[in-house]
Every structure is written in structure tokens, then in C-alpha cells.
Amino acid sequence: MNKINVVKILGKVSGHRFMLLAVLSLVAFLLFVMSGCSKSQQADDDDSTEMDELIWYYPQNKANADLQLVNAEVNRLIANKIQASVKLQPVDFASYEQKLNTLVAASDPMDIVWTSNWLFPWEANARKGVFLPLDELLERNGQKLRASMSPRFWNDGKLDGKQLAVPNYQIAAMRPSLVIQKRFVDKYKLDLSAIRKIDDIEPFLKQLKEGEPGIVPFGTTRGFYTNHIYGIDWRVSVYQGDVTNRVLPDVTTEMKQNFALVNKWYDKGYINQDAATLKNAADVYNKGNTAVWFDFTGKPGSEAEFKAGDGGFDVVLVPLAKPSFTGAVSSMSAISRTSKHPDKAMKLLEVVNTDKQLYNTLVYGIEGKHYTRSDRNYVKLNSDSGYFTNTDWVFGNIRNEYLPEGAPADKIEQTVRINEEAEISPYYDFVFETDDLKAELANVKAVNDEYYAALATGTVDPVKYLPLYEEKLIRAGSERIRSEKQRQLDNWLKTKGKK
């Protein structure tokens, strides 16, 4: 090959290399530009993500003037943790269920929803598909939250094997108790150790009626009958220790005794005259002029809460029964099926349940403005500060809370101990299937709506109205419901090897 041909070939190779290098450079440049655009777009997406707003509905006793200030502080605390904000939507207890039912019917967007077995019923709503399954969400964004509670608590938020609610760790036992203003205990030298059953307080009520004008001796709303203080299992209406497991009728002998007692108290002027129409239990004592009332839960430390809502008067708690484990179903948080941001809603629930500062902001407000805190983590509320909840159990895990002024130093330890030691009903896992009883249940509810509050508060004469109440319950289908419950219970006992 001569020199000229070699030069030509090399020239062609150099030209090809030049072209190749030029093309590669252009591709690299375009990739760089596209990468920059992608990162810019990702940054824009991240910026937009930070603007996501969660909506959280929960019940409260009253509106708070400083809600927006607290909401802003909550958002400051969660911004970098969940890349979202939250809009707090408290609703007063009396209106909560109606409000939530309206929102659900309209498929309005909601993220976190408070639910329970006594207000906005969790199981009924879960069966209607109101709540999202949480198992995958917990796996992705709630492992720390899951680890914060034992399976005993998580089981209450399950339905058909799916986790549909997050329990709010609080007192999970029922310890029915009397709450009594301490000033009257001291004045009349009431022997608290002598009060073993509800009837034992009657002589004290007589003293109050005669010696304390302007004071309501005993305050109630819709009555205070509960199976638990009469030796009847709270889970299924069966006498404790009854080896036959016989399901009792709606109106028991013990209920009749209770209604007769309350009617006697009402006629003597011991009970507030508006007892049958009050909807909110706090309305019984929030003016500070009620000496005694009944508390179904009797949780440790509730003396401080009652004091805060009772005009500042100290109270004492007198348990009337041993605690029974009732589970976490009395206060839970669920994620709505209409949630636009379920992953971030789960992240928020985890932070609320594990971050002490955030939890206490929701409970007490802004430190230095709404409350002050001592070295021992006791909280002193600033009067008329514009934010007051008195419902720590609505938000999350009470083991994260600062102690309210006046609470026992071991309030949290007492709560944990009662939760662990409380008696568990032998029927705890029994679930009564009611799909075939919808008409009967609706009819029985209508009868209860008409008669129960008046009878349970003593407002009407039980001699006259109890027979009518019983007759209407039977006509409404109460005996068919009882019979079906007995059948299901018997089958359940057989599968458990207990019958």
C-alpha cells in the first residue's frame, strides 16, 4: 500500500472519529440537559408534594379560639417529617356522628377519622367500606407505630383479618366509678371505704340536698345503668360465672332495680331535672355545681381532667367494680377511603403516636402560651388561653403525654398496669353477626330512643312505664335478637371447646 492510500484511509478514520466524538458529545449534552430538566421537574414535584394537605376529623368538647394557631404549630412540627400539612377539623361530640355520616354519604375527601364503639361506630362503618385497609400502609410507613402497642390492642382494629383502624393507646379497661367533689367529702366526713355499691351513696345525697342549696347532689345524662356493677358480663349479657351461659333479656331484674332507685332519687330532687335530654356527659358537671356523678371508665388520673372541667374543684374517684379489659375500640383512628394521601396519613398517625412534642401540642396547645411545663413534666394550663381539649385519648398514645396538674405521678404506670391486669371476658372474642336482624335492631333502637333515657334517669315512673317498655321491646323483636345471640354463642362455645 502506497503512502497516498494510507493517508487517505487514515484521513477517513480520523473523520469518522471526529463525527463519532461529535455525536457522543451531543448525546451527552442532551442527557445532561434532560437530567437537569428531570431533576428540576422532580424538585417541582417535591415542592408540590409538600403542599399536600391532610384532613383530620375528631370530636371535641367545645370550639377553641386558638385552634388555627395550634394547627400552624402542628404543621411546623410535621412539615419535614411527612412533607405535608394537616387541617384539624374538630367537631363537638353532640354533632360528631351526624356530621361524619353526612361527609361519608357525600364521599367528601377526608384522611384521618376518629371512630369508636360508642360514637361513629367503627365496625358498622368498616363493614360499609368507609375505612381503608391499613396492613400495607403500616408495613410501608408505620412499622414504628405498630411496634408501639401489643397485639392485644391491635386486634380491636381488625375486621375479617384486615387491620382497619389504629388504636389510641389509653385506658383499655372499664372500672365504673363514682366521682365526688372533695370539698363535700371533707365537709360531711364521707367514708369512701364504705361505698361498695351505687346504693351506698344515697345517705350522702340526702345530706347534700338538705345542706347545699344550689348544688345538684347527683348528676347524670341518660342514666348510669351498666351490667358491670351488677355482676353481669359486659361483653355478652350473661351472669358472671353462669356455667349455662344463658343470654339475659334486654330488661333484667338488675335493670329494674336500678330504674326504681333512680326514680326515687329523681323524685327526691337528688338528680338534675334535665338528665333525660342532656347529650354530653360533660354538661352534667361543667358548671361546678354537681357534687356526685357516675363515670363508666374510672381511668387513672381522670381526677385532674374532671377538676379542669368542673370549675376547678378537686374530686375523688370511688371504683364500684374490678376493672375489666374492654380493649382499644373505645378510641381509634382510621384512614378514610376518600383519602387522597393515605401514605402520608399513615405517616402522620405514626408521628402523632411516637413524637412527644407533637402529641402534647395537640393535647395542650403551644408551650408558653397555652400551658407551662415544670421540670417533672407537669403541665399547668393557662386560664382562658384559647385552647383546651381535655381529651388526650382522642389523639394517640397517652404514654407520650405530659401530666396534667393534679394527676398522680404514676398515672401512666397505673394505666399500663390496669390494662395488663384487668379481667378479660370469657366471651371477649365472640362476635354477634347481625346481618339478618337489621329490621329487629332498628325497631328495638326506636323503642330505646323513645323510653330508655326517661326510665334510666328516673324522669318517669317505672311502675307505669317499664311494662310498656318491655312489651314494645318484645314486639320490636328483642326476643328474636336474644334467641339468635344465644344460638350463635352456643355454636361459638362449641368451637372453642367450652361446651
Nearest heavy-atom neighbours spanning [X] and [Y]:
X      : Y      : answer
Val113 : Phe120 : CG1-CE2, 3.6 Å
Ala165 : Leu134 : N-CD1, 3.6 Å
Pro167 : Ala328 : CB-CB, 3.5 Å
Phe93  : Leu119 : CD2-CD2, 3.8 Å
Val185 : Ile180 : CG2-CG2, 3.5 Å
Leu164 : Ala334 : O-CB, 3.6 Å

Taking the side chain as every heavy atom from C-beta outward, state whether [X] and [Y] have any atom pair closer than 4.5 Å.
X      : Y      : answer
Leu362 : Thr389 : no
His228 : Ser324 : yes
Phe184 : Gln207 : no
Asn168 : Trp114 : yes
Leu178 : Ile195 : yes
Glu401 : Ile412 : yes
Ile335 : Met346 : yes
Lys268 : Lys209 : no

Can you say whether the rings of [X] and [Y] are parallel (under 30°), tilted (30 to 60°) or perpendicular (over 60°)?
X      : Y      : result
Trp393 : Trp118 : tilted
Tyr451 : Tyr469 : tilted
Phe153 : Phe325 : perpendicular

More than 12 heavy atoms of other residues, nucleotides or ligands under 6.0 Å from [atom1] of [X]: yes or no?
X      : atom1 : answer
Glu413 : CD    : yes
Lys62  : NZ    : no
Arg475 : CZ    : no
Lys206 : NZ    : no
Tyr465 : OH    : no
Asp384 : CG    : no

Any side-chain donor paired with an acceptor under 3.5 Å for [X] and [Y]?
X      : Y      : result
Asp274 : Asn272 : yes
Glu212 : Tyr188 : yes
Gln181 : Tyr285 : no
Asp233 : Ser425 : yes
Tyr169 : Asn400 : no
Ser330 : Gln170 : yes
Ser95  : Asp92  : yes
Thr391 : Gln60  : yes
Ser85  : Asn75  : no

* May I ask you to decide whether Asp392 forms a salt bridge with Lys411, counting only side-chain N to carboxylate O separations under 4.0 Å? => yes
* Do NZ/NE/NH1/NH2 and the carboxylate oxygens of Glu479 and Arg482 come within less than 4.0 Å? -> yes
* To do: Starting from the C-alpha separation in whole Å, work towards a yes-or-no answer on salt bridge (charged side-chain N to carboxylate O under 4.0 Å, His left out) for Glu450 and Lys472.
  => CA-CA 10 Å; Glu450 182 180 0; Lys472 288 199 172 186; 3.7 Å; yes
Flag, side chain of [X] to backbone of [Y], donor-acceptor distance under 3.5 Å:
X      : Y      : value
Glu421 : Asn419 : no
Ser483 : Arg480 : no
Asn227 : Trp234 : no
Thr244 : Asp242 : no
Arg399 : Ser148 : yes
Asp355 : Leu358 : yes
Glu303 : Val315 : no
Thr115 : Trp122 : yes
Ser302 : Lys299 : yes
Asn353 : Leu349 : yes

Compute the centroid of each ring, for [X] and then for [Y], and state whether the two points are separated by less than 6.0 Å.
X      : Y      : result
Trp56  : Tyr58  : yes
Tyr378 : Tyr402 : no
Phe204 : Phe218 : no

* Which residues share a salt bridge (charged side-chain N to carboxylate O under 4.0 Å, His left out) with Lys256, sequence neighbours left out -> Glu470
* Is there any side-chain hydrogen bond (donor to acceptor under 3.5 Å, both in side chains) pair reaching into residues 286-297, and which pairs are they, with sequence neighbours excluded? -> Asp283-Asn286
* To do: Taking the six-membered ring of Phe313 (Phe, Tyr or Trp), confirm whether the NZ or CZ of Arg183 is under 6.0 Å from its centre and within 45° of its axis.
  => yes
Going by the rule side chain to side chain donor-acceptor pair (under 3.5 Å), which residues pair with [X] if we only count those two or more places apart in sequence or in a different chain?
X      : answer
Asn117 : none
Arg196 : none
Tyr96  : none

* Asked: How far apart are the C-alpha atoms of Glu202 and Lys264, what are their side-chain angles, what is the distance that settles it, and do they pass the salt bridge (charged side-chain N to carboxylate O under 4.0 Å, His left out) test?
  -> CA-CA 10 Å; Glu202 186 170 347; Lys264 180 173 67 172; 3.3 Å; yes
* Partner of Thr252 by side-chain hydrogen bond (donor to acceptor under 3.5 Å, both in side chains), out of Tyr230, Tyr225, Tyr239 -> Tyr225
* Can you sort out the partners of Phe294 under ring-ring contact (aromatic ring centres under 6.0 Å, His included), two or more places apart, ordered by chain and number? => Phe224, Phe296
* To do: Assess whether ring-ring contact (aromatic ring centres under 6.0 Å, His included) is satisfied between Phe432 and Tyr427, documenting all intermediate values.
  => CA-CA 11 Å; Phe432 182 33; Tyr427 314 109; over 10 Å; no
